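Computed from a prediction, not measured in an experiment: that's the story for all the values here. Here, residue 1 is the first one in the sequence, and each next residue gets the next number. What's counted below: heavy atoms across the whole structure, side chains too, no hydrogens, waters or symmetry copies.
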Amino acid sequence: MPPEEAWAGFFDPKTTLEKLGLTKDIRAVVDFGCGYGTFTIPAAKIIGGKVYALDIEPEMVAATNTKAAAADLDNVEAHHRDFVADGSGLPDSSMDYAMLFNILHAEERMTLLREAWRVLTVGGKLAVIHWNYDAHTPRGPTIGIRPRPEQCGAWAESAGFATLPPGLIDLPPYHYGYVFERV
């Protein structure tokens, strides 16, 4: 992860979450790879339920917990977890919304997508964002492993998700996104 000050400049988290259909009616969200809490904290402020934030790096979990406490949020539960190797630890069909943000370049992308499918309720939403397929973005994985938008869509559909309208969502300045539904 780059320094948090640099990372924060790549996103408008609240606007991104709104474009990806996160609303106050959602009761349970899982953030796979919460990092600094960049999306966890704004999500916790939007929804009417709890956000489960997972990360393999203990420092990221600590940062997310610190931010949640500073914002007086009691609806964030952050856990140190290798969710690729061990799963999320969440019950089947227990989440309304899952976030896979800047993570589908991982070798185990189908493991991630299947775990998101497992924990989502039928009709639950999977939000995906990734770096634009453009070598000139200031960060992100190398172009050799960076997924094209159509690849993310195909992977999600092969894991059992349906693409929701409008399909590809532009998330300036450096990202694109999709919202999928567990069917």
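- Taken to the nearest 0.5 Å, the CG atom of L126 stands 10.0 Å off from the OG1 atom of T163.
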Set out, in order, the CA-CA distance, both residues' side-chain angles and the distance that settles side chain to side chain contact (heavy atoms under 4.5 Å, CB included) for L73 and K45, then state yes or no.
CA-CA 8 Å; L73 294 171; K45 292 177 180 179; 4.1 Å; yes
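- Grouping the Ile, Leu, Val, Met, Phe, Trp and Tyr side chains by contacts below 4.5 angstrom, directly or via other members, places L164 with I26.
- Between the side chain of D96 and the backbone N or O of R27, at least one donor-acceptor pair lies under 3.5 Å.
- Of all heavy-atom pairs spanning S88 and L54, the tightest one is CB-CD1, 3.7 Å.
- In this structure, the side chains of V128 and F180 come closer than 4.5 Å at one or more pairs of heavy atoms.
- With R182 contributing its side chain and G124 its backbone, the two residues share no donor-acceptor pair below 3.5 Å.
- At least one donor-acceptor pair under 3.5 Å links the side chain of T66 to the backbone N or O of A62.
- Residues W155 and P147 are in side-chain contact: their nearest non-hydrogen atoms beyond the backbone lie under 4.5 Å apart.
- Between V30 and M99, every side-chain heavy-atom pair lies at or beyond the 4.5 Å cut-off.
- Of the possible polar contacts, one joining the R146 side chain to the N132 backbone as a donor-acceptor pair under 3.5 Å is found.
- No side-chain donor-acceptor contact under 3.5 Å links D55 to the backbone of H80.
- Hydrophobic clustering (side-chain heavy atoms under 4.5 Å, transitive across Ile, Leu, Val, Met, Phe, Trp, Tyr) keeps M95 apart from L20.
- Without hydrogens or angle criteria, R81 side chain to D86 main chain gives a donor-acceptor distance under 3.5 Å.
- Across A127 and F101, no two heavy atoms sit closer than the pair O-CE2, 3.4 Å.
- Side chain of K67 to backbone of Y36: a donor-acceptor contact under 3.5 angstrom is found.
- For F11 and F39, the gap between ring centers is short of 6.0 Å.
- For H130 and H175, the ring centers sit 6.0 Å or farther from each other.
- Taken from CZ in R114 to CG in L112, the straight-line distance is 9.5 Å, to the nearest 0.5 Å.
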Should D134 and Y174 be marked as a side chain to side chain contact (heavy atoms under 4.5 Å, CB included) after you check the CA-CA gap, both sets of side-chain angles, and the distance that decides it?
CA-CA 9 Å; D134 176 359; Y174 305 115; over 6 Å; no
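- In this structure the side chain of E115 never reaches within 4.5 angstrom of the side chain of F83, judged on heavy atoms.
- Checked against the 6.0 Å centroid threshold, Y176 and W131 do not count as a close aromatic pair.
- The backbone N or O of R148 lies less than 3.5 Å from a partner atom in the side chain of Q151, making a donor-acceptor pair.
- Note that the OG1 atom of T38 and the CG atom of N102 stand 9.5 Å from one another [nearest 0.5 Å].
- Around CD of E107, the count of heavy atoms belonging to other residues, nucleotides or ligands within 6.0 Å does not exceed 12.
- Taking a 6.0 Å sphere around NZ of K19, one finds it holds more than 12 heavy atoms contributed by other residues, nucleotides or ligands.
- When all heavy atoms of L17 and A43 are compared, the pair lying nearest together is CD1-N, 3.6 Å.
- No side-chain heavy atom of K125 sits under 4.5 Å from any side-chain heavy atom of L120.
- Considering all non-hydrogen atoms of both residues, T64 and C34 come closest at OG1-SG, 3.5 Å.
- The two residues Y178 and E150 come nearest to each other via the heavy atoms OH-N, 4.0 Å.
- By the rule that hydrophobic residues join a cluster once side-chain heavy atoms approach within less than 4.5 Å of another member, L113 and L168 end up as members of one cluster.
- Side chain of T121 to main chain of G123: no donor-acceptor pair is present (N/O by atom type, distance under 3.5 Å, no hydrogens or angles).
- Between the side chains of R118 and S93, no donor-acceptor pair of N or O atoms lies under 3.5 Å.
- In this structure, the side chain of D92 does not engage the main chain of V119 through any donor-acceptor pair within 3.5 Å.
- Closest heavy-atom contact between A28 and S94: CB-O, 3.6 Å.
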For S158 and M110, run side chain to side chain contact (heavy atoms under 4.5 Å, CB included): C-alpha distance rounded to whole Å, both residues' side-chain angles, the deciding distance at 0.1 Å, then the answer.
CA-CA 9 Å; S158 73; M110 293 309 296; 3.2 Å; yes
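- With 3.5 Å as the limit, one finds a donor-acceptor pair spanning the side chains of T40 and D31.
- Taking hydrophobic clusters as Ile, Leu, Val, Met, Phe, Trp and Tyr residues chained together by side-chain heavy-atom distances below 4.5 Å, I41 does not share a cluster with M60.
- Put simply, CG on D74 and NZ on K50 are 8.5 Å apart, with the number rounded to the nearest 0.5 Å.
- The cluster map of Ile, Leu, Val, Met, Phe, Trp and Tyr, joined by side-chain heavy atoms under 4.5 Å apart, puts V51 and V179 in the same cluster.
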